[in-house]
Amino acid sequence: MNGNDQILQELVEAVNSPDWWTIGITVINALIMVWLGYNQYRLQKRQTQLQELQTRQQDYETYKKLYVLLSSANAEIDSFLFNLNDSLWEPRYAIDKEYLKRKQKYIDTLWKDLSDSYIDYELKFSKETFNKSGYLRILSLMSRLIQQTLMSLEKGE
C-alpha cells in the first residue's frame, strides 16, 4: 500500500468513527437550539407588543369614560342657570312640574359617577390640569339649589 492509499484509508476510518457522528449531532443540536431560541425571542416580542396594545386599549377606555363624564358635567354646569330659570317660568312649570326633580336626579348621578371615578382622575390628570374637587363642589351646590327650590315650590313660595 502506498502513502496515498494509506492516507485515504485513514480518512475513511476517521469519517466512519463515532467521534465524527458525535460532532455532527452536536452541530445539528446547536442549530436546533439557535432556531428554538430565535422563535422564543419572536414569541416574547409579540407577547410584549400584545400587552402594550391591551394597556393602551384599557387607557383609552378609561380616558373615554372620564371624557364623557366631564363633558356631561360641563354641559350641565354651563346650562344650569338657564335651565333653572326656564323650569320656573310659569307656562313651562305648568306643563312639566317634574322637570326639576329629574334634573336633580341627573345631577346627583353625575356627582356619584365623578366621585366614583375620583381615583382615575387623580392618576390620569395633574392638579393643574383638572380640579376634581371643584367639579364635585359645583355639582353638589347645584343639587342643593334645586332641592331648596323644590322645597320653596312645595310651600307655595
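- Looking only at side-chain heavy atoms (C-beta outward), Tyr38 and Val34 stay at 4.5 Å or farther from each other.
- One distance of note links OG1 of Thr62 with NZ of Lys64; it measures 11.5 Å at 0.5 Å rounding.
- Using a 4.5 Å heavy-atom threshold, the side chains of Leu50 and Arg46 count as separate.
- Side-chain contact between Lys101 and Gln104 is absent, with no heavy atoms from C-beta onward closer than 4.5 Å.
- Both Ile28 and Trp35 belong to a common hydrophobic cluster when Ile, Leu, Val, Met, Phe, Trp and Tyr are linked at side-chain heavy-atom distances under 4.5 angstrom.
- Remark: Gln40 CD to Met33 CE distance equals 11.0 Å, nearest 0.5 Å.
- Other residues, nucleotides and ligands place more than 12 heavy atoms under 6.0 Å from the CD atom of Glu61.
- Judged by distance alone, the side chains of Ser87 and Lys103 never bring a donor and an acceptor atom under 3.5 Å apart.
- Judged by distance alone, with hydrogens and angles left aside, the side-chain atoms of Asn83 form a donor-acceptor pair with the main-chain N or O of Ser79 at under 3.5 Å.
- Looking at Ser143, its side chain never comes within 3.5 Å of a backbone N or O of Leu139 through a donor-acceptor pair.
- Heavy-atom minimum distance, Ala73 versus Leu114: CB-CD1, 4.0 Å.
- The structure places CG of Asn39 at 11.5 Å from CD of Gln44, a figure rounded to the nearest 0.5 Å.
- Thr149 places a side-chain N or O within 3.5 Å of a backbone atom of Leu145 that can act as its donor or acceptor partner.
- Distance check: Met142 CE to Tyr106 OH gives 9.5 Å after rounding to the nearest 0.5 Å.
- No side-chain donor-acceptor contact under 3.5 Å links Trp111 to the backbone of Ser140.
- Remark: Lys65 NZ to Asp116 CG distance equals 7.5 Å, nearest 0.5 Å.
- Within the 3.5 Å criterion, the main-chain N or O of Leu70 finds a donor-acceptor partner in the side chain of Asn74.
- Connection of Leu141 to Leu69 is not established within any shared hydrophobic cluster, with ILVMFWY side chains joined at heavy-atom distances below 4.5 Å, either directly or through further cluster members.
- Both Leu88 and Leu81 belong to a common hydrophobic cluster when Ile, Leu, Val, Met, Phe, Trp and Tyr are linked at side-chain heavy-atom distances under 4.5 angstrom.
- A distance of 13.0 Å separates CG of Leu110 from NZ of Lys105, quoted to the nearest 0.5 Å.
- A salt bridge does not link Lys112 to Asp108: none of the charged side-chain nitrogens sits closer than 4.0 Å to a carboxylate oxygen.
- Ile146 and Leu153 fall within the same hydrophobic cluster, where Ile, Leu, Val, Met, Phe, Trp and Tyr residues are linked whenever their side-chain heavy atoms come under 4.5 Å apart, directly or through other members.
- Salt bridge annotation for Arg102-Asp96: present, with a cationic side-chain nitrogen under 4.0 angstrom from a carboxylate oxygen.
- Counting heavy atoms from C-beta outward, Ile77 and Tyr135 have side chains that approach closer than 4.5 Å.
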